[in-house]
Student: 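My structure is below; once you've seen it, I'll send some questions.
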2 protein chains.
Amino acid sequence: MIRNQVVDPLFSQCPVRNVLSRIGDRWSLLVLLALHDKAEAMRFSEIGKAIPDVSQKMLTATLRNLEADDLVSRTIFPEVPPRVEYKLTKRGLTLIPLLNQLVDWSLENMGAIIRHRKKYAM
Amino acid sequence: MIRNQVVDPLFSQCPVRNVLSRIGDRWSLLVLLALHDKAEAMRFSEIGKAIPDVSQKMLTATLRNLEADDLVSRTIFPEVPPRVEYKLTKRGLTLIPLLNQLVDWSLENMGAIIRHRKKYAM
DNA sequence: CGGGATCCATTTAGATACTG
DNA sequence: CAGTATCTAAATGGATCCCG
């Protein structure tokens, strides 16, 4: 089979892999879903509370990446104390249905998968 | 907002995160798509060729994880030289449409995302 | 052929302290 | 409040050698 080396996700340099690796990382999916759940802008610390085990450093890095990818917008209010609000961009919003499908699939399958893992481990 | 601590993907111990982290790793998605592309059983070395930059070690580890999760089946043929075939399970097949949607989304958005990243980097 | 085992380099993540 | 900087620990990935 001849593959298109630009768009084929199996090709090593493929941008699709680049894009998917971002949402596939440990925190991005959770941040996007938290923002969508809330349905309005959230502050840094608010997102941190919604995801109890994310470190400050990783939350910062994740938000920067999502911002760079135009999935989340960041607005700084020049006040004292400073306030920064995050919300989904239009593009970020288009990704939500897909993420929800993944969550649904996980919910439907996780029981069987975890049982299978245990059986497999023995 | 009160969250269900068993099924909520934002809860730190949530199995959904556990399940998604598997398909979100570097190689699992590619292996699943390769197996689906081929539409029949594939041998170890054949999968390796379809994903040029995966190391033997990581391919082995990825296949073991997918097998433990009941997404890929592994059949050993007791021949000389030995032959081992991998194929999607029923459960693995149910995941394919979702993965394809993610690929499609990436194809539609990657151009804009990469442009946005460059602008953001300056 | 299809791995397992080992060693090593790289990457990633967390804890802590500090700052505008 | 919302980060940055630094150090360290842990996970990941690759190269190599070996074996049934």
Side-chain angles (χ1 to χ4, degrees), chain A residues 10 12-14 17-18 20-31 34-35 38 40-69 72-87 117 120-121, chain B residues 10 12-14 17-31 34-35 38 40-69 72-87 120-121:
Chain A
L10 297 182
S12 42
Q13 300 304 324
C14 175
R17 279 169 67 170
N18 199 291
L20 287 183
S21 71
R22 281 284 165 88
I23 70 148
D25 76 9
R26 192 165 170 189
W27 305 112
S28 295
L29 177 83
L30 301 182
V31 169
L35 286 171
K38 177 77 176 185
E40 54 188 272
M42 290 176 84
R43 302 181 65 168
F44 183 86
S45 54
E46 201 177 353
I47 302 174
K49 262 179 275 182
I51 309 172
D53 54 347
V54 66
S55 69
Q56 194 181 46
K57 175 184 166 182
M58 291 316 299
L59 183 54
T60 301
T62 301
L63 286 168
R64 290 291 173 281
N65 284 338
L66 292 173
E67 191 190 354
D69 282 9
V72 164
S73 68
R74 178 169 180 261
T75 310
I76 306 173
F77 296 86
E79 309 169 354
V80 178
R83 181 162 57 102
V84 181
E85 288 191 347
Y86 297 91
K87 61 187 181 72
R117 272 185 205 168
Y120 187 88
Chain B
L10 297 182
S12 40
Q13 300 305 324
C14 177
R17 280 170 65 171
N18 198 292
V19 171
L20 287 182
S21 71
R22 281 284 165 89
I23 70 147
D25 76 10
R26 193 164 169 189
W27 305 113
S28 295
L29 178 82
L30 301 184
V31 169
L35 285 172
K38 176 76 176 185
E40 55 188 271
M42 291 176 84
R43 302 182 64 170
F44 183 87
S45 54
E46 200 178 352
I47 302 174
K49 262 179 274 182
I51 309 172
D53 55 345
V54 67
S55 69
Q56 189 186 50
K57 174 183 167 183
M58 293 316 299
L59 183 54
T60 301
T62 302
L63 286 168
R64 290 293 173 281
N65 284 338
L66 292 174
E67 191 190 353
D69 282 10
V72 164
S73 68
R74 179 169 180 263
T75 311
I76 306 173
F77 295 86
E79 307 170 356
V80 178
R83 182 163 57 100
V84 181
E85 288 191 349
Y86 297 90
K87 61 188 181 71
Y120 187 88

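What you are looking at is a predicted structure, and each value in this text was computed from that prediction instead of being measured. Here is how names work: the chains are called A, B, and so on, in the same order as the sequence lines, proteins then strands, and each is numbered from 1.
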Student: Would you jot down, in residue-number order, the residues of residues 54-67 of chain B having a non-hydrogen atom under 4.0 Å from DNA chain D?
Tutor: Ser55(B), Lys57(B), Met58(B)
Student: In terms of side-chain heavy atoms of Arg26(B), which of dG2(C), dG13(D), dA13(C) is nearest?
Tutor: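 When the side chain of Arg26(B) is considered, dG13(D) is the closest of dG2(C), dG13(D), dA13(C).
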Student: side-chain contact (heavy atoms from CB on, under 4.5 Å), that's the test. Do Leu29(B) and Arg17(A) meet it? Break it down for me.
Tutor: CA-CA 9 Å; Leu29(B) 178 82; Arg17(A) 279 169 67 170; over 6 Å; no
Student: Give a yes/no on whether any side-chain N or O of Tyr86(B) is located under 4.0 angstrom from OP1 or OP2 of dG3(C).
Tutor: yes
Student: Does Ser45(A) place a side-chain N or O at less than 4.0 Å from the phosphate oxygens OP1/OP2 of dC1(D)?
Tutor: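 Checking Ser45(A) against dC1(D): no side-chain N or O falls below 4.0 Å of OP1 or OP2.
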Student: Going by side-chain hydrogen bond (donor to acceptor under 3.5 Å, both in side chains), name the pairs with one or both residues in residues 58-67 of chain A, residues two or more places apart or in two chains.
Tutor: Glu67(A)-Tyr120(B)
Student: How would you list all residue pairs meeting side-chain hydrogen bond (donor to acceptor under 3.5 Å, both in side chains) that involve residues 78-87 of chain B, not counting sequence neighbours?
Tutor: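 For residues 78-87 of chain B, and leaving out neighbouring residues, the side-chain hydrogen bond (donor to acceptor under 3.5 Å, both in side chains) pairs sorted by first residue read Arg74(B)-Tyr86(B), Glu79(B)-Arg83(B), Arg83(B)-Glu85(B).
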Student: Suppose we screen for side chain to side chain donor-acceptor pair (under 3.5 Å). Which residues come up paired with Ser28(A), at least two apart in sequence or across chains?
Tutor: Asp25(A)
Student: Using every non-hydrogen atom in the two residues, find where Met42(B) and Ala50(B) come nearest and quote the distance to one decimal.
Tutor: CE-CB, 4.4 Å
Student: Round to a whole Å and report the spacing from CG of Asp25(A) to C1' of dG14(C).
Tutor: 16 Å
Student: How close do Val54(A) and Leu59(A) get, heavy atom to heavy atom, and via which atoms?
Tutor: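 Answer, listing the atom of Val54(A) first, then Leu59(A): CG2-N, 3.7 Å.
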Student: Hey, what bend do you get for the helix from dC1(C)-dG20(D) to dG20(C)-dC1(D) if you fit axes on five pairs at each end, rounded to 10°?
Tutor: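 Answer rounded to 10°: the end axes differ by 50°.
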Student: Heavy atom of residues 75-83 of chain B under 4.0 Å from DNA chain C: which residues?
Tutor: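 Only Pro81(B), Pro82(B) qualify.
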Student: Between CD1 of Ile47(A) and CG of Leu30(A), what distance do you get to the nearest 0.5 Å?
Tutor: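 It is 11.5 Å, given to the nearest 0.5 Å.
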Student: Calculate the interatomic distance between Met42(B) atom CE and dC1(C) atom C1'; express it in whole Å.
Tutor: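 Met42(B) atom CE is separated from dC1(C) atom C1' by 16 Å.
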Student: Roughly how far apart are Arg43(A) CZ and Lys38(A) NZ, rounded to 0.5 Å?
Tutor: 11.0 Å
Student: Rounded to the nearest 0.5 Å, how far apart are OG of Ser73(A) and CG of Leu66(A)?
Tutor: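 Rounded to the nearest 0.5 Å, the OG-CG separation comes out at 11.0 Å.
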Student: Given atom CH2 of Trp27(B) and atom C1' of dA11(D), what is their separation to the nearest angstrom?
Tutor: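 Taking atom C1' of dA11(D) as the reference, CH2 of Trp27(B) is at 16 Å.
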Student: Would you give the length of the straight line joining atom CH2 of Trp27(A) to atom CG of Asp53(A), rounded to the nearest 0.5 angstrom?
Tutor: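 Rounded to the nearest 0.5 Å, the CH2-CG separation comes to 4.0 Å.
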Student: Could you tell me the separation between the CG atom of Asp53(A) and the P atom of dT12(C), rounded to a whole number of Å?
Tutor: 19 Å
